Amino acid sequence: MQIIPKTPTTKGPTDMFTGDVHFDVIAAGVAPSRLRVNIVRFAPGARTAWHRHANGQTLHVTDGRGLVQSRGGEVVQMRPGDTVYTPPGEWHWHGAAPEHFMAHLAMWESLAEGQEGPETEWGKHVTDDEYRTRQP
Ligand code: MN
C-alpha cells in the first residue's frame, strides 16, 4: 500500500486553457497501469481549448455548473454527479458555466506501449462566440 500526499496544485497553461484553471494530479498509474486522474477546477467562464484524447476521456462533475461540447454538437450543461465520456479522437472542450465555478474529475489512460502519440492533441482556443452559443 502507498499513501500519496496531496500534490501541489498546477495552474493550467494559457496555451491550453482560457481563464483561471487549476488542477491536482490524483493518480498517475504505475506500469502496467495507464490510469490518469486529475481534479480540475475552473473559475466562471474558464474552459479548455479544443482538444482530443488518443484513448478517450471520462469527466465526472463534482461541483458547480459546467459546459461541454463535441465538435459539431450542441453545448451541453454538466451538473454535479454527471459523467461525460468523449471517445478516442473526438474533438471537444469543457469548462465552467459563465457565472459558476465548476470542478470535475478527468480520467483517461496514457498511451499504450507502441501506441502513436500524442496522448492529448491541443487545438485552438474556444472563442467567446463558440462559448456563448451554449444552450439555455
Ligand atoms: Mn477533454
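Excluded from the calculations below are hydrogen atoms, water molecules and symmetry mates; all remaining heavy atoms, backbone and side chain alike, are included. Treat the numbers as computed from the prediction; the structure is a model and nothing was measured. Remember, it's 1-based here, ligands and their atoms both numbered in the order they're listed.
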Worksheet item: Are Glu130 and Trp93 linked by a side-chain donor-acceptor pair shorter than 3.5 Å?
Response: no
Worksheet item: Okay, side chain of Arg47, backbone of Tyr131: is any donor-acceptor separation there less than 3.5 Å?
Response: no
Discussion item. Please enumerate all residues that pass side chain to side chain donor-acceptor pair (under 3.5 Å) together with Asp63, with sequence neighbours excluded.
Written reply: none
Practice prompt. List for me each residue that meets ring pair (Phe, Tyr, Trp, His ring centres under 6.0 Å) alongside His60, sequence neighbours excluded, and say none if there are none.
Written response: none
Worksheet item: Going by an N to O cut-off under 4.0 Å, is there a salt bridge joining Asp20 and Arg41?
Response: no
Fill in: Protein N/O/S neighbour count - the Mn ion (ligand 1), strictly under 2.8 Å
5
Practice prompt. Could I get the full list of side chain to side chain donor-acceptor pair (under 3.5 Å) partners for Ser70, not counting sequence neighbours?
Written response: Glu90
